[in-house]
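To start, the structure itself, in structure tokens.
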Number of protein chains: 2
Amino acid sequence: MGVSLRDIALRAGVSVATVSNVVNGYRPVAAATKVRVQEAIDEMGYSPNLSARHLRRGRTGFIALAIPELNNPYFAELADVAIAEAARHGYTVLLDSTNGERERELEVVHGLRAQIVDGLIFSPAQLGPSDLSDRRDSVPLVLVGERIHDVAYDHISIDNIAASRVAVEHLASLGRRRIAFVGAQDSDRQPAGLRLQGYTEGVHAAGLTVDPRLVVRTPGFDRADGADGVAPLLRGSDPPDAVFAYNDLIAVGVMRKAYELGLRVPDDLAVVGFDDINEARFTTPSLTTIAPDKDVIGKLAVTALVSRLEGEDNVPREYEVPFRLVVRESTVGAALPEEEPGA
Amino acid sequence: MGVSLRDIALRAGVSVATVSNVVNGYRPVAAATKVRVQEAIDEMGYSPNLSARHLRRGRTGFIALAIPELNNPYFAELADVAIAEAARHGYTVLLDSTNGERERELEVVHGLRAQIVDGLIFSPAQLGPSDLSDRRDSVPLVLVGERIHDVAYDHISIDNIAASRVAVEHLASLGRRRIAFVGAQDSDRQPAGLRLQGYTEGVHAAGLTVDPRLVVRTPGFDRADGADGVAPLLRGSDPPDAVFAYNDLIAVGVMRKAYELGLRVPDDLAVVGFDDINEARFTTPSLTTIAPDKDVIGKLAVTALVSRLEGEDNVPREYEVPFRLVVRESTVGAALPEEEPGA
DNA sequence: AGGGCTATCAATAACGTTATAGATGCGCCT
DNA sequence: AGGCGCATCTATAACGTTATTGATAGCCCT
């Protein structure tokens, strides 16, 4: 193996304890010996064996970040923020993709990585409160992107219902009357259920009624799901004049399908997404969407977990992160200031 | 802490060594005791302490994957493949974002994670052969997405020059005469330099000459860089009739800027990208692009590293992964079969 | 001058695992 | 009967680190 504390100690003529103290600064070391040890370290190219350190310290400095999939830009962008923030706190992130599968999510929550991480940040796609209640507390858990009530964990969330309502009201305020929702799920699991509920509330608030034929369930949340899901609606008689999509990827698929069918966005079909992924600014037309503050979400998730790991406080907290409606061309057409403040 | 081997040993009335053998199957254990030990494990909920295991074994089962940034869908998609493939081999991936900064890349290559990973997969954006030659070999290294000659490491690459040439020849074959390249870099570092070279060769092969004003350098490789970079060209006199972009993100930015300026793609401006990110299939118009086989690249990178870690063979290998030109609407307009085989 | 305090360092016991060497019992062969 | 091999298991020494305890020397104070 490589150079160990013991090698440095021999070289510098001190004990391993002293070398350790020089490395960690845990206890004071005389300036002269500190220099001598440091020289030995530099000459021999020592760096501490992390496995040994982790074993001895009882903590690893790893935290797991479990997300549905990296292929979804929203989660990739979120992971990017979280990884950077974790590094600022001296932690290293282990990514786990659940593929949005219930089975994999259960594994993650019940300690798939329990023996190697100090804590877990989890963005659920399928799991509800009941799945979390029987968790034997292996490592501290922070929930993200999701409002799960009555569960004794920290969670970072936005108000999915309110945000969805704002999106639909925006469409209604533009005179749209047949507003579809694309991206519902078979189960009313979170958060798809919440956005559907917000959609319903928004439709009612606009004095309209929900036409069940305008609520489209999709197998997944990708662009192809949006395109395939909306196609029958657009081809059918009595098509919608607006779509609120579960997320931006589905919205992109919807716009793509509209384009293929010769429909103009927003003239024939207005589209609103959810997430404000980078891509949304550059689609043609650019995409009106709900923008959760990803930067805040990612940082908050990490800091909440870190303070849970390092603090003494033990009471679970809820953090509600604000969102904005970012109005772009897919609802109001071109020639408008790029962004305007929302709710 | 949690339950240890010792706890299980006491409960089952055997030695820790026997429990270890039951867990690892390293040495045979009598069926009866094996059952007894397994019961104790199940009852007490034991799982091995990985830090201790890593320390004792001298390997961690971690591999680092260093990429420029997760925000770039190409790398997110590649990481997704690599993570899954690594898991299949019993390895866990640690992601490191270099932001394409030379300094960070040097850190990665010279052992930032050396004390915790068994091996390293590195996708360079700035580093060249000379930066790698003075590497004191801490952990095995596999290079990805890049053809660096005369360096004693495995590398997985596609022929960037040939691919770029194919892209340009495709544009030329459609009658385009003023073909721009967007996404050149100040330094002729890899791989931007290679694609620029392929562009040059392609232009010459078509019997045209390279107009330096049509070669646009950009500060980065994102959508905004493409939009900002191409804007002066499109607004100027004697604009290009085609763009070959360094990557798909830049191509998307170019198409966006064309849209803003009222230019039609492909009629006024044909666009070819590079990477074939998922997004490219759903832009309006959809994006013609060079498609490296990401699936093969990601899997090959992992298997190459794993066989280097576990095999005895020690001779560095080159793997050249094929690419295809995927022709879509951004060069030939609508109503064409979605994909056709390329080079 | 002696006792106590501070500053500095050393010795060493863990942390939980795996690998090596050795112990035990049993059957079988000569 | 005695010894040998096999199957099974135990005892224990590492792996490299950190935290605890203890030792030593120098200094100040009464």
Side-chain angles (χ1 to χ4, degrees), chain A residues 1-38 40-41 44-62 90 111 113-118 138-139 310, chain B residues 1-38 40-41 44-62 90 111 113-118 138-139 310:
Chain A
M1 284 278 103
V3 184
S4 78
L5 273 189
R6 198 163 157 280
D7 300 322
I8 302 297
L10 288 176
R11 168 79 151 246
V14 295
S15 73
V16 289
T18 298
V19 180
S20 176
N21 283 329
V22 168
V23 172
N24 296 298
Y26 177 66
R27 303 198 63 170
V29 175
T33 59
K34 192 181 294 186
V35 167
R36 200 150 34 98
V37 169
Q38 191 57 54
I41 288 177
M44 304 187 70
Y46 166 81
S47 61
N49 180 310
L50 296 183
S51 296
R53 171 176 285 179
H54 296 163
L55 170 61
R56 177 60 234 231
R57 284 189 176 162
R59 342 177 278 105
T60 60
F62 289 128
R113 298 247 181 247
Q115 291 297 331
I116 196 62
V117 302
D118 297 336
S138 36
V139 297
E310 298 176 356
Chain B
M1 282 279 104
V3 184
S4 77
L5 273 189
R6 198 163 157 280
D7 300 322
I8 302 297
L10 288 175
R11 168 78 151 247
V14 295
S15 73
V16 289
T18 298
V19 180
S20 177
N21 283 329
V22 168
V23 172
N24 297 299
Y26 177 66
R27 304 201 62 169
V29 175
T33 58
K34 192 182 292 188
V35 168
R36 199 150 34 98
V37 169
Q38 191 57 53
I41 287 177
M44 304 187 71
Y46 167 80
S47 60
N49 181 309
L50 295 184
S51 296
R53 171 176 286 178
H54 295 165
L55 170 61
R56 178 59 233 232
R57 284 187 176 164
R59 341 177 281 106
T60 60
F62 289 127
R113 298 246 181 248
Q115 290 297 330
I116 196 63
V117 302
D118 297 336
S138 35
V139 298
E310 298 175 355

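Throughout, protein chains are lettered first and strands after them, A, B, ... in sequence-line order, and every chain is numbered starting at 1. These figures come from a predicted structure and were not determined experimentally.
For the pair A:I116/B:F62, a side-chain contact is recorded, criterion being any heavy-atom separation below 4.5 Å from C-beta on. Side chains of B:V23 and B:Y46 form a contact here, defined as non-hydrogen atoms less than 4.5 Å apart.
Here the P atom of nucleotide C:dG16 and the CZ atom of A:R53 are 18 Å apart, to the nearest Å. Atom CG in A:L10 sits about 13 Å away from atom C1' in C:dA10, given to the nearest Å. Spacing between atom CZ of A:R57 and atom P of D:dT20 amounts to 13 Å, rounded to whole angstrom units. Computed from coordinates, the B:D7 CG to C:dC15 P distance equals 10 Å when rounded to whole Å.
Remark: A:N24 is in phosphate contact with D:dT18, judged by side-chain N or O atoms under 4.0 Å from OP1 or OP2. Taking only side-chain nitrogens and oxygens, A:S20 comes nearer than 4.0 Å to OP1 or OP2 of D:dT18.
Bending across the helix from C:dA1-D:dT30 to C:dT30-D:dA1, expressed as the angle between its end axes from five pairs apiece, amounts to 70° (10° rounding).
Taking A:S51 as the reference, nothing meets the side chain to side chain donor-acceptor pair (under 3.5 Å) condition, with sequence neighbours excluded. B:T18 pairs by the side chain to side chain donor-acceptor pair (under 3.5 Å) definition with B:S15, not counting sequence neighbours. Taking the side chain to side chain contact (heavy atoms under 4.5 Å, CB included) definition, one finds that B:D7 meets it with B:V3, B:S4, B:M44, sequence neighbours left out.
Residue-level contact check: B:S4 touches the backbone only, with heavy atoms under 4.0 Å from sugar-phosphate atoms and none from bases.
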Only distances under 3.5 Å count here; give the side-chain donor-acceptor pairs of residues 29-36 of chain A to other protein atoms, sequence neighbours excluded, each with its distance to 0.1 Å.
from: A:T33; atom 1: OG1; to: A:A30; atom 2: O; distance (Å): 2.9
from: A:R36; atom 1: NH1; to: A:A12; atom 2: O; distance (Å): 2.6

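No donor-acceptor distance shorter than 3.5 angstrom exists from the side chain of A:N21 to the backbone of A:Y26, with no hydrogens or angles considered. Between the side chain of B:T60 and the backbone N or O of B:H54, no donor-acceptor pair lies under 3.5 Å.
Across every non-hydrogen atom of A:G61 and A:D118, the tightest pair is N-OD2, 2.7 Å.
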Report, as a single string ordered 5' to 3', how protein heavy atoms within less than 4.0 Å touch nucleotides 6-14 of chain D: B base, S sugar-phosphate only, - not at all. --SSBB-BB

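When each of C:dT17, D:dA19, D:dG16 is scored by its nearest atom to the side-chain atoms of A:Y26, the top-ranked nucleotide is D:dA19.
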